[in-house]
Each structure stands twice: as C-alpha cells, then as structure tokens.
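Reviewing the structure listed below.
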Amino acid sequence: MYQAPRGTADILPEDQPLWSFTAAAVTQAAYVHGYRRIDTPIFEETGLFLRTVGEETDIVQKEMYSFDDRGGTNITLRPEGTAAVSRAYLESSMHNQAQPVRLFYLCPMFRYDRPQAGRFRQFHQFGVEAIGDTNAAVDLEVIQLAMDTMRRLGLGGMKLLLNNIGDAADRPRFIEALQEHFRPHISHLGKDDRRRFDTSPLRLLDSKELSAESFMYDAPKSTDFLGGEAQAHWDELLAYLNDLQVPYVIDNKLVRGLDYYTRTVFEVHPDREGAQSAVCAGGRYDGLIEQLGGKPTPGIGFAAGIERLILNLREQGATAGIVPPAPIVIAYSGTKAKAKAAGIATELRAADVAAVLAPERSMKAQMRYASSIGARTVILLGPKELENGVATVRDMETAEQKEEPQTRLLESLSN
RNA sequence: GUGGGCGUAGUCGAGGGGUUAAGACGCCUGGUUGUGGCCCAGGAGAUCGAGGGUUCAAUUCCCUCCGCUCACCCCA
C-alpha cells in the first residue's frame with residue numbers, strides 16, 4: 001500500500017468545509033485592504049531562493065526540495081512566497097504600475113523538515129506583499145491586514161509581537177555590539193549558537209537554549225541602533241498603532257530566520273504555549289528587489305500558515321465551515337426507470353441542481369444510500385410513475401411525498 | 001540531523017507463547033408485496049507494521065528496520 005509521502009496529507013472531503021471557510025476569510029481580508037491575487041509557479045530556479053532567503057539560513061541549508069530538471073536547470077519547489085512574488089514584480093515590470101503594488105497569494109509551499117504538529121513538508125500559506133512604498137502607513141496596513149485576517153477567521157487571543165531590526169546600513173554596528181556582548185559568554189554557548197555567533201549573530205537573540213541565561217536580559221537591542229530614517233519610520237508606525245489602539249508587544253528578541261528582512265518585523269501568536277506557535281509572520285524587505293537586479297524598491301509583507309490557522313480554529317472548537325449541499329438522489333426500479341432517471345439527472349444538473357443516481361440496488365438500499373449521504377430530497381421513479389409521466393418527490397426530513405409531472409420537476413424542487 | 005511515545009480489520013479498541021484473535025462504529029444484505037434514519041438478524045473485512053532471532057510453537061519475548069506521532073533545531 002502506498003501512503004502519502006512523509007509530511008504531506010490529503011485534504012479529505014470532510015476537511016474541505018474548514019478549508020473553504022479559511023480560504024474565503026483570508027481572501028476577503030486581502031480584498032478589503034486592496035490586495036489582488038497572484039499565483040506564481042510551484043517551482044523556481046534554485047538561485048532565486050539562494051540569493052534572497054540567504055545561503056546561511058536553515059531553509060537553504062537543509063530544507064529545500066531541489067533537483068536538476070531534464071534540461072540541467074536546478075529547480076526548487078518554492079519554500080516561501082516573497083522571493084517568487086518579487087521575481088514576478090520585476091519580470092512583469094510592475095514598477096510601472098501605481099505604487100505600492102498590493103498582492104496576495106494562497107498556495108502550497110515545500111520544506112524538507114521533520115514533520116510535527118502544525119508543521120508539514122507540503123503546507124499552505126496565505127501571504128501578502130505591498131511593494132514600492134516605504135511609508136510607515138503601509139507597515140500599519142499590512143499589520144492590520146494580518147490582524148483582520150485573524151478577526152475574520154474568528155481566532156481570538158492572538159498576540160502581535162513587533163520589533164525593528166533596522167536597515168542594512170545599521171546592521172554592522174548592531175552586529176558588532178551583539179558580538180561584543182556575547183563574546184565574554186562564548187564558552188556558555190552551545191555548538192549551534194557558537195556557529196551563529198559568526199554566521200548570523202542576530203539569531204543568538206531568539207535562541208531558546210540561551211533564553212534563560214542572565215546575559216540575555218541586557219543584550220543589545222536592535223531598536224537602539226536605528227539610523228535616522230529608520231528611527232522616524234519606527235516612531236511613526238508605533239504612533240499609528242497607539243492612535244488606533246492596536247494591541248502589540250515589542251519583542252526585541254524577535255528576529256526573522258530569513259536574511260532579507262529590514263526594519264519592521266512581526267509575528268502573530270496564539271496565547272497558548274506550544275511549539276510552532278507562530279501562525280503568521282512577516283516584515284519589511286527594503287533591499288530584496290534591488291538584490292534581484294531591480295531598482296531599489298521597498299517592500300513589506302507577511303505569510304500565514306493555513307494548516308496552523310486551521311489547527312487553532314479546531315482548538316477553538318470550530319467545526320462548520322462552508323459545506324456544499326448534498327445532491328438530490330434519484331432512485332429507480334426497473335431498467336426503463338433507470339434510463340429515465342439518468343435523463344432527469346441530466347436536466348437537473350443543467351439547471352445547476354446537484355443530482356446523483358442511486359446505486360443499482362434494492363429500493364430499500366437506495367433509500368439507505370440517500371439517507372446516509374444526507375440527501376434532503378429523493379426523486380423516485382418506478383413502473384407506476386413511468387406509466388403516468390410523473391415522479392415521486394420525497395422530502396427526507398418530513399417523509400412527505402407527492403407526485404409531480406416529470407416536466408414540472410424543476411419548479412416543484414425550487415420551492 | 002537528535003530524542004521520547006506508539007504501531008491488532010476502514011476507524012476506535014480488548015486480548016494473549018500453542019486448535020476458529022473479542023467488542024463497538026462504519027460498510028454490505030435481509031426482516032415478503034417499489035421507500036431511509038430506530039430496532040432485529042446475517043455477512044464481508046486482520047498475512048496482529050516488515051525482516052530476523054529465541055522456542056517444539058510467536059501476533060504475544062528479544063533485536064533491527066520501516067511507519068505514525070510528539071518534541072528539539074528551525075519555521076508558517
């Protein structure tokens with residue numbers, strides 16, 4: 001027996017109502033903020049991710065699904081959305097459109113990781129990108145869009161964590177300060193953290209291994225190293241959030257695992273404790289487009305994990321979602337009636353009424369079938385009905401039946 | 001890559017070194033004259049995750065592997 005590959009899962013019919021609901025909610029959140037949908041290919045040239053996500057990141061180091069295609073091009077199943085959307089922005093010359101360009105996506109991502117609760121090798125992200133405007137009002141908008149998404153989903157108790165890691169130009173001074181701070185404690189660092197000390201010192205800040213260490217409390221804060229413009233931008237954003245009474249928590253330990261982030265970074269977490277708790281994360285990436293060969297172009301966005309959103313919805317007891325109605329079942333006895341039943345099914349479907357034939361079994365079994373798939377109406381055809389040109393219409397909830405002329409079936413069903 | 005837990009029919013789940021491995025749900029059939037949900041009866045469905053070892057004998061004990069799952073790392 002074949003099984004779905006490790007870390008993947010079928011989204012079964014019974015799962016679909018919650019998925020549809022989630023997709024509809026996030027899409028609506030994006031629309032009311034003026035974002036338009038974009039779909040990019042599932043795979044890209046590997047170099048795109050190497051360049052943007054960062055050679056030293058875990059995503060690139062150990063999580064990418066990469067392979068040479070038959071033409072010898074190295075291909076990678078996309079592990080995240082921002083790089084691909086930025087590529088599309090450049091490729092379609094969206095800088096010629098009114099700025100900022102507001103885009104969103106809802107699609108599968110791939111990361112070769114050990115699966116666990118809320119983490120999969122193929123998973124889905126809802127993400128938004130606002131490209132071409134550095135204004136703090138756009139940061140506000142993106143953050144509000146993230147929180148509005150939670151609200152529309154009905155997810156309560158979501159916490160907004162916020163930080164500012166400064167511009168690329170501010171980074172060297174901050175990194176220097178970090179290394180200076182940690183250098184005396186380097187003997188306390190584990191193997192991984194010692195490597196980070198050199199390769200990505202920012203990540204020392206969110207090391208869980210060190211989180212209890214006393215020297216973490218007075219570690220340098222990125223917000224103390226902001227340049228003039230970044231500082232003004234940060235102050236402006238915080239002022240907006242305060243004015244609009246958007247609750248947030250500044251977390252100076254919050255740094256992102258992807259290299260392209262600048263200035264604003266944020267995450268949304270549920271209140272509960274637990275692993276992989278971030279349901280949504282993002283930030284500004286003012287250097288990314290330029291790094292891909294475009295003119296210097298600012299951008300900001302976030303991505304939310306659909307599976308994690310749904311996990312939280314389930315934990316909060318959500319069940320319903322968008323459930324398509326069960327089809328009308330057409331039961332029959334006799335071969336002539338069977339042919340007539342097929343004809344009626346065809347007519348109903350042409351009028352957008354969902355209909356299926358009952359399986360060819362005893363009348364009792366056909367009714368059982370109708371009942372078990374939740375049909376609200378059964379149309380019954382037998383020799384008696386055929387003779388009179390009628391069909392028996394049975395309401396499965398009230399058990400009431402009436403005969404209708406076969407020519408008037410549609411009208412009688414619509415009331 | 002590392003560590004913990006688990007692996008008996010579609011699902012849940014009892015059991016035990018030795019002739020036919022419980023039960024429940026689900027599925028199928030029937031309970032007469034063409035009709036569901038309840039009830040009753042019957043039926044199908046399990047090489048007890050795989051391989052090896054111990055033993056006269058293992059699904060039950062031991063080992064390895066595989067899978068699932070949770071956690072670490074990291075991330076949505």
Side-chain angles (χ1 to χ4, degrees), chain A residues 1-9 12 14 26 53 56-63 78-82 105-127 146 149 190-193 195-196 200 203 206-209 254-258 266-270 273-282 301-312 329-334 337 358-359 361-386 392-401:
Chain A
M1 283 274 283
Y2 287 108
Q3 288 177 287
R6 190 164 167 74
T8 70
L12 298 169
E14 52 268 37
V26 304
V53 174
E56 281 299 328
T57 62
D58 277 27
I59 289 181
V60 167
Q61 290 283 309
K62 53 183 197 186
E63 295 176 6
R78 69 178 164 223
E80 62 100 40
T82 301
Y105 55 85
L106 176 57
C107 53
M109 302 291 172
F110 304 85
R111 286 167 20 188
Y112 187 88
D113 225 359
R114 288 289 290 268
Q116 66 189 78
R119 195 172 70 195
F120 307 91
R121 289 182 174 182
Q122 176 177 343
F123 59 104
H124 297 74
Q125 284 190 337
F126 162 63
T149 301
K191 187 166 132 266
D192 290 334
D193 284 329
R195 184 163 153 266
R196 286 192 195 119
S200 47
R203 297 251 304 276
D206 68 351
S207 164
K208 282 183 191 127
E209 213 175 320
L254 177 63
V255 297
R256 307 300 337 288
L258 287 68
F266 66 96
E267 289 187 359
V268 180
H269 289 253
E273 294 298 309
Q276 293 88 42
S277 58
V279 295
C280 172
F302 70 75
I306 299 293
E307 284 83 354
R308 289 186 185 179
L309 292 174
I310 289 177
L311 192 68
N312 279 276
V329 170
I330 306 174
Y332 53 86
S333 76
R361 300 184 198 145
S362 68
M363 189 53 66
K364 177 183 187 137
Q366 294 186 51
M367 294 302 290
R368 220 196 312 258
Y369 172 80
S371 180
S372 94
I373 67 165
R376 296 209 329 272
T377 306
V378 170
I379 292 174
L380 236 137
L381 285 172
K384 202 171 66 189
E385 284 84 358
L386 283 190
T392 299
V393 178
R394 179 182 178 88
D395 183 315
M396 294 296 276
E397 276 157 48
T398 64
E400 282 168 17
Q401 298 193 170

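Predicted model, so just to flag it, every value in this text is computed and none were measured.
- No side-chain heavy atom of A:Tyr332 sits less than 4.5 Å from a side-chain heavy atom of A:Met363.
- B:U11 sits 27 Å from B:G17 when the P atoms are compared, rounded to a whole Å.
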So which protein N/O to nucleotides 36-43 of chain B N/O distances come out below 3.5 Å?
{"residue": "B:G36", "atom": "O2'", "partner": "A:Ser371", "partner atom": "OG", "Å": "3.4"}
{"residue": "B:G36", "atom": "N7", "partner": "A:Arg394", "partner atom": "NH2", "Å": "2.7"}
{"residue": "B:G36", "atom": "O6", "partner": "A:Arg394", "partner atom": "NH2", "Å": "3.0"}
{"residue": "B:G36", "atom": "O6", "partner": "A:Met396", "partner atom": "O", "Å": "3.4"}
{"residue": "B:G36", "atom": "N1", "partner": "A:Met396", "partner atom": "O", "Å": "2.4"}
{"residue": "B:G36", "atom": "N2", "partner": "A:Met396", "partner atom": "O", "Å": "3.1"}

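- Between A:Asp58 atom CG and B:C72 atom P the separation is 14 Å, expressed in whole Å.
- Residue side chain A:Arg308 reaches the base of B:C75 through a donor-acceptor N/O pair under 3.5 Å, judged by distance alone.
- Taking only distance into account, the side chain of A:Lys62 never meets the base of B:G1 through a donor-acceptor pair shorter than 3.5 Å.
- In this structure, the ring pair (Phe, Tyr, Trp, His ring centres under 6.0 Å) partners of A:His124, at least two apart in sequence or on a different chain, are A:Trp19.
- Judged purely by distance below 3.5 Å, without hydrogens or angles, the side chains of A:Gln401 and A:Arg394 pair a donor atom with an acceptor atom.
- For the pair A:Ile59 CD1 and B:C73 C1', the computed distance is 13 Å after rounding to whole Å.
- Summarising the geometry of A:Glu397 relative to A:Asp395, their closest heavy-atom pair is N-OD1, 2.8 Å, with the distance given to 0.1 Å.
- When the P atom of B:G10 is taken as reference, atom CD of A:Glu14 falls 16 Å away, rounded to whole Å.
- Applying the salt bridge (charged side-chain N to carboxylate O under 4.0 Å, His left out) definition to pairs two or more places apart or across chains, those involving residues 107-116 of chain A are A:Glu63-A:Arg111, A:Asp113-A:Arg119.
- Applying the ring pair (Phe, Tyr, Trp, His ring centres under 6.0 Å) criterion to A:Phe266, with sequence neighbours excluded, gives no partner residue.
- Within 4.0 Å (heavy atoms only), A:Leu381 reaches at least one base atom of the nucleic acid.
- At the heavy-atom level, A:Phe120 lies under 4.0 Å from base atoms of the strands shown.
- Straight-line distance between the C1' atoms of B:C73 and B:G53: roughly 37 Å, to the nearest whole Å.
- In this entry the distance linking NE2 of A:His269 with C1' of B:C75 reads 10 Å, nearest Å.
- Here the separation of B:C39 from B:G26, taken at their P atoms, is 9 Å to the nearest Å.
- The residue A:Glu63 sits close only to the backbone: its heavy atoms come under 4.0 Å of sugar-phosphate atoms, none of a base.
- Within 4.0 Å of A:Arg203, counting heavy atoms only, lie sugar-phosphate atoms of the nucleic acid but no base atom.
- Computed from coordinates, the A:Arg111 CZ to B:G1 P distance equals 19 Å when rounded to whole Å.
- The residue A:Ala370 sits apart from the nucleic acid: no heavy atom pair falls under 4.0 Å.
- Using atom P as the reference point in both B:G23 and B:G43, the two lie 11 Å apart (nearest Å).
- Here the C1' atom of nucleotide B:U69 and the CZ atom of A:Arg119 are 13 Å apart, to the nearest Å.
- Close to B:U69, at under 4.0 Å from its OP1 or OP2, lies no side-chain N or O of A:Gln116.
- As judged by a 4.0 angstrom heavy-atom cut-off over every strand, A:Glu80 is placed among residues making no nucleic acid contact.
- B:G49 and B:C6 are spaced 14 Å apart, taking the P atom of each and rounding to whole Å.
- Listed nucleotides: B:C73, B:G30, B:A76. Nearest to the side chain of A:Ser362: B:G30.
- Only the P atoms considered, B:A71 is 26 Å distant from B:U64, to the nearest whole Å.
- Below the 3.5 angstrom threshold, one finds a donor paired with an acceptor across the side chain of A:Glu385 and the base of B:G34.
- Comparing the same atom, P, in B:U20 and in B:G13 gives a spacing of 27 Å after rounding to whole Å.
- Atom OH of A:Tyr2 is separated from atom P of B:C66 by 19 Å (rounded to the nearest Å).
- Using atom C1' as the reference point in both B:A21 and B:C62, the two lie 23 Å apart (nearest Å).
- The residue among A:Pro5 and A:Ile306 whose nearest nucleotide of RNA chain B is located toward the 5' end is A:Pro5.
- With a 3.5 Å limit on both pairing distances and Watson-Crick or G-U wobble geometry required, the stems of 3 or more pairs in RNA chain B span B:1-7 with B:66-72, B:10-12 with B:23-25, B:27-31 with B:39-43, B:49-53 with B:61-65.
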Sequence neighbours excluded and cut-off under 3.5 Å, please list the side-chain donor-acceptor pairs for residues 368-379 of chain A, or say none.
{"residue": "A:Ser372", "atom": "OG", "partner": "A:Tyr369", "partner atom": "O", "Å": "3.4"}

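- Summarising the geometry of A:Pro115 relative to A:Arg6, their closest heavy-atom pair is CG-CG, 4.0 Å, with the distance given to 0.1 Å.
- Not a single donor-acceptor contact under 3.5 angstrom links the side-chain atoms of A:Gln366 to the base of B:U35.
- A cation-pi geometry, defined here as NZ or CZ lying under 6.0 Å from the six-membered ring centre and within 45° of its normal, does not hold between A:Arg78 and A:Phe110.
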Exercise for the section: Walk me through it: do A:Phe126 and A:Ile306 pass the test side-chain contact (heavy atoms from CB on, under 4.5 Å)? Expected result: CA-CA 7 Å; A:Phe126 162 63; A:Ile306 299 293; 3.8 Å; yes
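- Put simply, the side chain of A:Arg114 and the base of B:U2 share a donor and an acceptor less than 3.5 Å apart.
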Practice problem: Test side-chain contact (heavy atoms from CB on, under 4.5 Å) on A:Tyr105 and A:Gln125 and set out the steps. | Solution: CA-CA 8 Å; A:Tyr105 55 85; A:Gln125 284 190 337; 4.1 Å; yes
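- Rounded to whole Å, atom C1' of B:G26 lies 16 Å from atom CD1 of A:Ile373.
- At B:C68, one or more side-chain N or O atoms of A:Arg6 fall inside 4.0 Å of OP1 or OP2 (strictly under the cut-off).
- With contacts defined as side-chain heavy-atom distances shorter than 4.5 Å, the pair A:Lys62/A:Tyr112 does not qualify.
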